[in-house]
Amino acid sequence: MALTPVRLRFAPSPTGYLHLGSARTALFNWLWARHIGGEMLLRIEDTDRERSQPELIQVIFDALDWLGIDFDGEPIHQSDNAARHAAVIDDLIHAGSAYRCTCTQEDVAARTKAAGGPPGYDGFCRDRGVGADESHVVRFRVPDDGATSWVDLVRGEISFEHRNLEDFVLRRRDGNPMFIVANAVDDVDAAITHVVRGEDLINVTPKMLLVRAAMGVTEPVAFAHLPLIVNEQRKKLSKRFGDVAIEDYRARGFLPEAMVNYLALLGWGPADGVEVRPVDEIIGLFELSDIGQSGAMFDIKKLEAVNGEWIRRLEVDEFVRRSLPFVDSIPGFDAARFAEIAPDLQTRAKVLSELPALCDFLFLDEPEIDDASWQKAVVDNPDAPRLLDAAVEAFTVSEWTAEALHAATLEFAEAAGLKLGKAQAPIRVAVTGRTVGPPLFEALVVLGADTTLARLRAARERC
RNA sequence: GCCCCCAUCGUCCAGUGGCCUAGGACGCCUCCCUUUCAAGGAGGUAACACGGGUUCGAAUCCCGUUGGGGGUGCCA
């Protein structure tokens, strides 16, 4: 007897972006598939006609590819299986598992309101024998008694009593199949063995199980319902609350290594406590049974910390290469010059998008002077004028190395009775425009003597 | 309302009956290093929601309460 191959899938709908929650779902499916040596399929659930534009789908492919989540075989398009979905629904009608219903949503709402009962369909058309020629939807005939249950891989046994399940719609009035049917049928056809998805889908699982059984499918399928990723309000992450698309984080300068690493930590954690680690190691350690059951808050601070760690782990050359898209649009940008200062930037950036603010003074004709910095280090600093004068004088004759500039500054700082840290402030603002940035003397070396002295003189004139 | 799920530091995880005076990470605070800011090093702060059981023993098992979330669409 051959062992059934483990087969998982990620089934996004073409929304035009990859939601963080979806990405996490894709990741957990993928981690488990790769861990167990199973197959990982990609299926685009594009039954919604107007949302199935190729560009919208491409965005999702790109995001998955960026994260490093790969798939076995070509992507499946659910819309290609429309005929199969229709045939299954017809079979269910013939078998008596489903029936046509003429009730509109208004009809149903009016009746339940009049009856004062709970919302939901009341089974009005169950035995009316509605013909195919009448305008109708197709509903599944849920058994009156009993329950549908399964042993969820992350939550244990979950059970729904049939009397709490209404006769749900299988096919819309316009003839299109509902998600429940298309999804269940495609999973059967692809011989999916494990469905790993968000907890928000937990209540449609009994319906899918019912459809599977009515189809006569006997192969088991295991479900693992992941805890939701929530925001500060403990609510499901939604698009109207901050950035929820993977692409947004990519644009902000998060590394895919960090993104994947952090997402894996939402609802799961390695037993040895080592959180920041390569994805290959995570694959090795990942078990569905170790997934937590409570919602995990998306903590941007922690994501940034993980990202900073990954930035620091990069080889300098690689750091430069990855930084380029974020800095090469600075006017006057010079790659060689950027590479010189790169090691000093690498420990200072949590996200790549903050790089321009740290190094743009090296490329711009004039540094962009930050008002608050200028106020603090120059205007409010009575020592500023003479420090700038001293710097011009000392730097004019200094050898142009970090050590020499350091020594020269130390000398006139001490003469003025100031600590080096205090003395370099107005110089830093004059040259870089800000009070914070990479180490001053190293930056001056990269900037060059002429530009440095010109900026110091210009600042002195403004005092 | 009804259905389903969840409940350990502010946050994310560890803990699966004794090793827990509850551990790690992020954050926050202090100190060291220091050329600003980082990075790095050393400390510190801070939690088993509550009430009943079960047991020699419970963060761990059971029940209840409270709190939170998800669903309740001819969306997915």
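Reminder, nothing fancy here: chain letters follow the sequence lines and each chain counts from 1. All heavy atoms count here, side chains included; hydrogens, waters and symmetry mates do not.
- Nucleic acid contact class of A:T409 (heavy atoms, under 4.0 Å, all strands): none.
- Listed pair A:K235 / B:rG69 meets the phosphate criterion, a side-chain N or O lying under 4.0 Å from OP1 or OP2.
- For the C1' atoms, the distance linking B:rA49 with B:rG10 amounts to 16 Å, nearest Å.
- Straight-line distance between the C1' atoms of B:rG53 and B:rA76: roughly 44 Å, to the nearest whole Å.
- Atom CZ in A:R313 sits about 22 Å away from atom P in B:rA38, given to the nearest Å.
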- [ ] Classify every nucleotide of nucleotides 20-31 of chain B by which part a protein heavy atom approaches to under 4.0 Å, writing B for the base, S for the sugar-phosphate alone and - for neither, in 5'-to-3' order.
- [x] ----BBS-----
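- Side-chain atoms of A:L228 lie closest to B:rG69 of the nucleotides B:rU72, B:rG69, B:rA76.
- A:K419 comes within contact range of no nucleotide atom at all, as no heavy-atom separation falls under 4.0 Å.
- Using a 4.0 Å heavy-atom criterion, one finds that A:P438 contacts the bases of the nucleic acid, with or without backbone contacts as well.
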For residues 295-302 of chain A, run the donor-acceptor check on the side chains, cut-off 3.5 Å, and write out each pair with its distance to 0.1 Å, sequence neighbours left out.
from   : atom 1 : to     : atom 2 : distance (Å)
A:D299 : OD1    : A:K301 : N      : 3.1
A:K302 : NZ     : A:E275 : OE1    : 2.8
A:K302 : NZ     : A:E275 : OE2    : 3.3

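- Relative to the side chain of A:V169, the nucleotides B:rC74, B:rU35, B:rC12 differ in distance, and B:rC74 lies closest.
- The NE2-C1' distance, from A:H162 to B:rC4, rounds to 14 Å in whole Å.
- Rounded to the nearest Å, the gap between the P atom of B:rC28 and that of B:rU11 is 16 Å.
- The separation between A:R139 atom CZ and B:rG73 atom C1' is 11 Å, rounded to whole Å.
- Rounded to whole Å, the distance from CG on A:L226 to P on B:rC12 is 15 Å.
- Nucleic acid contact for A:L165: none, since no nucleic acid atom lies under 4.0 Å from a heavy atom of the residue.
- Between A:Q105 atom CD and B:rC75 atom P there is a gap of 7 Å when expressed in whole angstrom units.
- Evaluation of atom-type donor-acceptor distances gives no pair under 3.5 Å for the side chain of A:R155 against the base of B:rC5.
- B:rC9 and B:rC48 have their P atoms separated by 7 Å, given to the nearest Å.
- Side-chain contact between A:S373 and A:V429 is present, with at least one heavy-atom pair separated by less than 4.5 Å.
- Residue A:R172 places at least one side-chain N or O under 4.0 Å from the OP1 or OP2 atom of B:rA76.
- Within 4.0 Å of A:L266, counting heavy atoms only, lie sugar-phosphate atoms of the nucleic acid but no base atom.
- Contact annotation: the side chain of A:F319 approaches that of A:L355 to within less than 4.5 Å [non-hydrogen atoms, C-beta and beyond].
- The shortest distance between side-chain heavy atoms of A:L447 and A:R455 falls below 4.5 Å.
- For the pair A:R252 and A:N307, the minimum side-chain heavy-atom distance is 4.5 Å or more.
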Listing, residues 253-260 of chain A side-chain donor-acceptor contacts under 3.5 Å, not counting sequence neighbours, or none:
from   : atom 1 : to     : atom 2 : distance (Å)
A:E257 : OE1    : A:R322 : NH1    : 3.0
A:E257 : OE2    : A:R322 : NH1    : 3.4
A:E257 : OE2    : A:R322 : NH2    : 2.5

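- Across residues 289-298 of chain A, A:D290, A:Q293, A:S294, A:G295, A:A296, A:M297 each have a non-hydrogen atom less than 4.0 Å from an atom of RNA chain B (numbered order).
- Counted by atom type alone, A:R24 and A:N29 present zero donor-acceptor pairs between their side chains at under 3.5 Å.
- Distance check on atom C1': B:rA7 versus B:rG64 gives 15 Å, rounded to whole Å.
- A donor-acceptor distance shorter than 3.5 angstrom exists from the side chain of A:D46 to the backbone of A:Q78, with no hydrogens or angles considered.
- Closest to the side chain of A:F160, out of B:rU35, B:rC4, B:rC5, is B:rC4.
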Per-pair distances, 0.1 Å, donor-acceptor, side chain in residues 144-159 of chain A, under 3.5 Å, sequence neighbours excluded:
from   : atom 1 : to     : atom 2 : distance (Å)
A:D144 : OD1    : A:R126 : NH1    : 2.9
A:T148 : OG1    : A:H162 : NE2    : 2.7
A:W150 : NE1    : A:D152 : OD2    : 3.1
A:D152 : OD1    : A:V154 : N      : 3.0
A:D152 : OD1    : A:R155 : N      : 3.2
A:D152 : OD1    : A:H225 : N      : 3.1
A:D152 : OD2    : A:H225 : N      : 3.4
A:D152 : OD2    : A:H225 : ND1    : 2.6
A:R155 : NE     : A:H225 : O      : 3.0
A:R155 : NH1    : A:Q293 : O      : 3.3
A:R155 : NH2    : A:H225 : O      : 3.1

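- Contacts of A:E442 with the nucleic acid, taken as non-hydrogen atoms under 4.0 Å apart, include base atoms.
- Remark: the A:D189 side chain and the A:N81 side chain contain no N/O donor-acceptor pair separated by less than 3.5 Å.
- Spacing between B:rC26 and B:rU21 at atom C1', rounded to whole Å, works out to 25 Å.
- When each of A:F179 and A:V154 is assigned the nucleotide of RNA chain B bearing its nearest heavy atom, the one mapping closer to the 5' terminus is A:V154.
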What protein N or O atoms touch nucleotides 40-42 of chain B N or O atoms at under 3.5 angstrom, if any, and at what distances?
from   : atom 1 : to     : atom 2 : distance (Å)
B:rG40 : OP1    : A:R312 : NH1    : 3.3

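- For the pair A:I60 CD1 and B:rA76 C1', the interatomic distance rounds to 12 Å; values are reported in whole Å.
- Put simply, the side chain of A:R234 and the base of B:rU11 share no donor and acceptor less than 3.5 Å apart.
- A:I246 places a side-chain heavy atom less than 4.5 Å from the side chain of A:L263.
- With values rounded to the nearest 0.5 angstrom, A:I282 atom CD1 is found 5.5 Å from A:W268 atom CH2.
- In this structure, of B:rG69, B:rC4, B:rA76, it is B:rA76 that holds the atom nearest to the side chain of A:M178.
- Look at the C1' atom in both B:rC50 and B:rA42: the space between them is 39 Å, to the nearest Å.
- Listed candidates were B:rA76, B:rU35, B:rC74. Nearest to the side chain of A:E45 is B:rA76.
- Taking atom C1' on both nucleotides, B:rU60 is separated from B:rA14 by 13 Å, rounded to a whole Å.
- Remark: A:E414 CD to A:K419 NZ distance equals 10.5 Å, nearest 0.5 Å.
- Counting distance only, with no hydrogens placed and no angle test, the side-chain atoms of A:T347 and the base atoms of B:rA39 include no donor-acceptor pair under 3.5 Å.
- Counting heavy-atom neighbours within 6.0 Å of A:D371 CG, excluding the residue itself, gives a total of 12 or less.
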